[in-house]
Visitor: 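I'd like to ask some things about the structure below.
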Amino acid sequence: MQIKDTMKGKTEFHELHKGRVNMFVCGPTVYDIPHVGNSRVYVFFDMVAKYLRTRGYSVFYLQNITDIDDKIINRAAEEGSDYQAVSDRYYSLYMDIMKSLGIDSVNIYARATLYMDEIISQIQRLQDLGYVYATDDGLYFRIRKFVDYGKLSGQDIDHIEAGARVEVNEKKEDPGDFAVWKFRKPGEPFWNSPWGEGRPGWHIEDTAITECHFGPSYDIHGGGSDLIFPHHEAEIAQMRAISGLPILASVWMHVGMLNINGNKMSKSLKNFITIDQVMRSHSREEIRFYFLNSGYRSTMIFSDAALKESSETLKRIQTTYDKLVIKAGGRASLYADRQGISQKLQGIMDNDFDSREFFAEIMKMTTEINRAIDSMDAESAASYLGIFNWMNSFMGILKEKSDEGIPVKLVDDLISLRNQMRREKMFSVSDAIREILFRNGIILEDREGVTEWRRS
RNA sequence: GGAUAGGUGGCAGAGCGGUCAUGCGUGGGACUGCAGAUCCCAUCUAAUAGGGUUCAACUCCCUACCUAUCCUCCA
């Protein structure tokens, strides 16, 4: 398998422990409703985890939940409740949304506040090694002591414009130094530590969590491309300072942003559309396909038109799939892929999860199937169906229709009655039968003198 | 100012040193009592501009211009 690493470019993937992939993806800060842009990252890595599993890897997918942070505290203050009420509410909302997007590949959602001992232990070790110093408002990491700081993002510390966005804190040794522990301010939640009451910095949560589950290094680290600097640089600096190892993660994968009207969709710009809003008018499958049918690293332009367009495309795949189900009598065969199509598709996916190219190939296959379906035997249909099912096991873009509803025998009988009416040119009756079946979830299609049907 | 990723047909969007994906849209055709679905054909001699390398560049190199993201809140 080849995976494109943010720093090294496309490289052959070698897992650290044979057959095992430890993957960590930056999860949300639970202070608000997730928006569409956030969802893209989680849908993508859900696919990655599932695909790697179909390739035989035992994947441990770990995601953090930042449940203590300035924004959570601010939110709690705004609404006059406490931070736990806020983080609990948005955590469970996040989980609901993940569920409705079909994201079920994560092994552990790790809440930062449950790892306070590990966080304090990391800070302690960093301090013992001389990487951390105290000011009157917190403990900071000396970025200049860690020589590789900036390597991931290609940044040169001396060219970083201090205060480009955030006010310079004069008490720090270097404007780039970041907090690993923030001392308690009046009214804020706090934990005890050897340095006094306070709470952890943002970056230390993740390294504490990953060290706890994976140790000092692991295979894949994923997240949105806006986290490359400084968040992921900080993680690398913290963990490698402690471990002395040459890497934190073997591969760094970053998913592109979602743009809306020429700008990044973000909470601070207030130009975001929440995912539950989109889910009101689009199915889980449509949303997943929309994200997955594009290169994961590119910026995506979000619009209703684009979403609608990709839904049209998906409908073609779904319709073909439904026809195959009927043709194959529901029997799928994974081992009858005589043309080696799934092998070809796998080769495409093995090339840095090239889902865009993958779907281009799926569309070609769809056209071929549609061309041949009328004269296709059940065995071939079952073989194609096997490919679709395999694809769906990691893409999650097809609805599997249940056999519930009107029994097949009754449908067949009604169709022959309707066709008799048609022969007798009693079209009002035949159309009425079609309409009744439609209202009961059966779509009829007359082709080449034969009436085919499928469940809607 | 620095860093990163890009600029492809009406639109969205890949890959690739020669054969120019894929989808959507639009127009036409086939099949149909109608509808739907599907197939076929067309839209297509697409590549920000200017240089260079090459037998050959959309693909590699250089310059300019433009866009997005990051420069310590962000997925």
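Given the structure is predicted, the values throughout are model-derived calculations rather than measurements. Every chain is numbered from 1, with letters handed out A, B, ... down the list of sequences. Below, all heavy atoms of this structure are taken into account, side chains as well, without hydrogens, waters or symmetry copies.
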Visitor: Let's test your reading of the model: under 3.5 Å, does the base of U38(B) pair with the side chain of Arg316(A) as donor and acceptor?
Guide: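 Not at all, since no donor on one side and acceptor on the other fall under 3.5 Å apart.
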
Visitor: Please classify the nucleic acid contact of Leu227(A) as base, sugar-phosphate, or nothing, using heavy-atom distances under 4.0 Å.
Guide: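 Sugar-phosphate only.
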
Visitor: If you draw a 6.0 Å radius around CG in Asp304(A), do more than 12 non-hydrogen atoms from other residues or ligands fall strictly inside?
Guide: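 Result for CG/Asp304(A): open.
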
Visitor: Need one value for His35(A): base, sugar-phosphate or nothing, where a base atom within 4.0 Å counts as base even if backbone is also close, heavy atoms only.
Guide: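 If one applies the 4.0 Å heavy-atom cut-off, His35(A) turns out to touch a base.
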
Visitor: Examine the base of G23(B) for any acceptor or donor lying under 3.5 Å from a partner atom in the side chain of Glu309(A), and report the outcome as yes or no.
Guide: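 A donor-acceptor contact between them is present.
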
Visitor: Taking the basic N atoms (NZ, or NE/NH1/NH2) and the acidic carboxylate oxygens, is any pair closer than 4.0 Å for Lys99(A) and Asp96(A)?
Guide: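 Looking at Asp96(A) together with Lys99(A), the answer is no, because their closest N to O distance does not fall below 4.0 Å.
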
Visitor: I need a per-nucleotide contact map over nucleotides 25-36 of chain B, read 5' to 3'. Cutoff is protein heavy atoms under 4.0 Å; write B for the base, S for backbone only, - otherwise.
Guide: ------S-BBBB

Visitor: Output yes when Glu368(A) and Arg371(A) qualify as a salt bridge under the 4.0 Å nitrogen-oxygen rule, no when they do not.
Guide: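 So Glu368(A) does not pair with Arg371(A) through a salt bridge.
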
Visitor: Provide, to the nearest angstrom, the distance between the NZ atom belonging to Lys151(A) and the P atom belonging to C71(B).
Guide: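 Result: 21 Å.
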
Visitor: May I ask you to say what Thr367(A) touches in the nucleic acid, namely base, sugar-phosphate or nothing, with a heavy-atom cut-off under 4.0 Å?
Guide: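 Sugar-phosphate contact only - Thr367(A) comes under 4.0 Å of backbone atoms but never of a base.
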
Visitor: Donor-acceptor pair, distance only, cut-off 3.5 Å: does the side chain of Gln63(A) make one with the backbone of Val106(A)?
Guide: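 No, the answer is negative, given that no donor and acceptor are paired below the 3.5 Å cut-off.
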
Visitor: Is there a donor in the side chain of Asp67(A) and an acceptor in the side chain of Thr113(A), or the other way round, less than 3.5 Å apart?
Guide: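 Their side chains do contain a donor-acceptor pair, which is all the 3.5 Å distance test asks for.
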
Visitor: Closer than 4.0 angstrom, basic N to acidic O: yes or no for Asp177(A) and Arg144(A)?
Guide: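 Looking at Asp177(A) and Arg144(A), the cut-off is not met.
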
Visitor: Which part of the nucleic acid does Gly154(A) contact within heavy-atom distance under 4.0 Å: base, sugar-phosphate only, or nothing?
Guide: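 Counting heavy atoms under 4.0 Å across all strands, the contact made by Gly154(A) is with sugar-phosphate only.
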
Visitor: Using Watson-Crick or G-U wobble pairs with both distances under 3.5 Å, give me RNA chain B in dot-bracket, 5' to 3', with [ ] for crossers and | for pairs to another strand.
Guide: (((((((..(((.....[...)))((((((.......))))))....(((((..]....))))))))))))....

Visitor: Decide whether a cation-pi geometry holds between Lys327(A) and Tyr384(A); the criteria are a distance under 6.0 Å from NZ or CZ to the six-membered ring centre and an angle within 45° of the ring axis.
Guide: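 Not flagged: Lys327(A) not positioned over aromatic ring of Tyr384(A).
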
Visitor: Please give, in whole Å, the distance from A75(B) P to Met300(A) CE?
Guide: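 Those two atoms, CE and P, are 18 Å apart.
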
Visitor: With a non-hydrogen cut-off below 4.0 angstrom, is Lys308(A) in contact with a base, only sugar-phosphate, or nothing?
Guide: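 Nothing, no heavy atom under 4.0 Å.
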
